[in-house]
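Every value quoted in this text rests on a predicted model; they were computed, and no experiment measured them.
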Amino acid sequence: MITKNSSRGLLKILLSVALFSACTPSSPDYIADYDLVYTKERSGYDFSAVHTYFLPDSVAHVGGDSKHIYDSTILKSLKTNLDALGWTRLTETGTEKADVMVFPAANEVTYASCTAYCWYCYWGWYPGWGYYPPYPGYGWGYPSDIVCASYNTGTVVVTMTDPNKAANDTIPVAWVGILNGLLEGSQAEITSRINTNIDQMFIQSPYLKQ
Amino acid sequence: MRKIILMTICVLGSGFMLAGYAQKVGEFSYQASFPTGKFGDFIGKTSWVGFSGGGRGYLKSNEQLSIGGSLSWFYMADKKGKQTFTGPEGGVTTGNLTNFTNIYGLMAVIQYDLKKRNEKKVPYIRGGLGGAYQNQNSDIGIYRIQNDGFQFMMNAEAGVNFNMSANNGIVLAATYHYLPEASGMVTTSFFGIKLAVTSFSY
């Protein structure tokens, strides 16, 4: 039989559970699940008027000391997708001006954090122990268990500008595609993910092909 | 802040009132929840994590009417997988999307038993009003978007109390919770099937 006191106990347990419980879903299973692709076009821009493009032969790297491992993958994937739109790549040595210029840029960031698990670090000096060194007010100098983790993220930003509409020292951006994800896994895996996600930039921008 | 104070007064007030009652009942329940409406778009899957507990006191003037308070916790999650969606400013995003929320509710409740308390099966109807703290999260890529805050919480419930003895019973009920839009969170509403144990004291 549940008595009045046991009901109170039950309520206390429930209160404790409620106060300290907060669930979160399990983490994604694969590194590729962290990939993110974002695209946005300039409202009203007429992409049907675009027939030629200029793509540099290098990727600009912002910050860090990147080894440019994936530059060729990024450039090749962009060229494949831009050609598939029916556009023609022009070179900088040619005389014809390109309708749009496509600039790829990459950025790599390492995130690191450390957490100390040290429940006994909160113990301090007990005043009843008198004035023996190290005196009241001092805490113990225990070493704590420190757990550290770090991960690399990579971002590729593809900016499509229209130099023919430049005005007031500003070249308007007609379209931007951003790929962000973890730079973890083998080189082959990362290469595959870069290709898949640059393809995705164009899949979710159907207005480019007109 | 005014909303939080109002919610607290509402629930604590009902708790203090319990002291004046001859017959009291405690309840602990488990609930499976089914999101509906806009909230069903945010979390489309059935939630299997929901607990609540509380106490009520029967009025001396009406032995079928009881008033009390309840505390509840619901966790709901939906791993939506790879999604492509257009943002409010027109940008298109593709990524692996997971939405989840934790809801902590505190309500004053009023229950009317449709039969006398000493019957073997006692159907009842219940209403609840109070507040809740909720944090709605959307994980996409390596980013998390969180909206959280306090909301009003309303509850309607109909069920049957199966009395196992003079002091103990089991409750099977259908419930509905509603939390209006607040602090950037979508309007939250969900049906539930609830199984509870009750204990009476005299």
A/Thr153 versus chain B, heavy atoms under 4.5 Å apart: side chain, backbone, both or neither?
side chain
So which of A/Val176, A/Asp35, A/Asn180 has the largest heavy-atom pair count under 4.5 angstrom toward chain B?
A/Asn180
Looking at CG of A/Asp29 and CG of B/Asn96, how far apart are the two atoms once the value is rounded to the nearest 0.5 Å?
9.0 Å
Stepwise side-chain hydrogen bond (donor to acceptor under 3.5 Å, both in side chains) test for B/Thr94 and A/Gln204
CA-CA 8 Å; B/Thr94 298; A/Gln204 68 186 48; 2.3 Å; yes
Name the region of A/Leu182, side chain, backbone, both or neither, that has any atom closer than 4.5 Å to a heavy atom of chain B.
side chain
Which bit of A/Thr24 comes within less than 4.5 Å of chain B, counting heavy atoms only: side chain, backbone, both or neither?
both
Would A/Ser205 and B/Val92 count as a side-chain contact (heavy atoms from CB on, under 4.5 Å) if you check the C-alpha gap in whole Å, the side-chain angles of each, and the deciding distance to 0.1 Å?
CA-CA 8 Å; A/Ser205 308; B/Val92 179; over 6 Å; no
Does atom CD of A/Glu184 have more than 12 heavy-atom neighbours, drawn from other residues, nucleotides or ligands, at distances under 6.0 Å?
yes
Closest non-hydrogen atom pair between B/Lys79 and A/Pro25, with its separation:
CE-CB, 4.1 Å
For B/Glu89 and A/Lys40 the tightest heavy-atom approach is O-CE, 2.9 Å
Non-hydrogen atoms of chain B under 4.5 Å away: do they reach the side chain of A/Asp33, the backbone, both or neither?
both
With rounding to the nearest 0.5 Å, note down the distance linking CG in A/Leu36 to OG1 in B/Thr93.
6.0 Å
Around atom CD1 of A/Ile171, are there more than 12 heavy atoms of other residues, nucleotides or ligands at under 6.0 Å?
no
Does OH belonging to A/Tyr30 count more than 12 external heavy atoms closer than 6.0 Å?
no
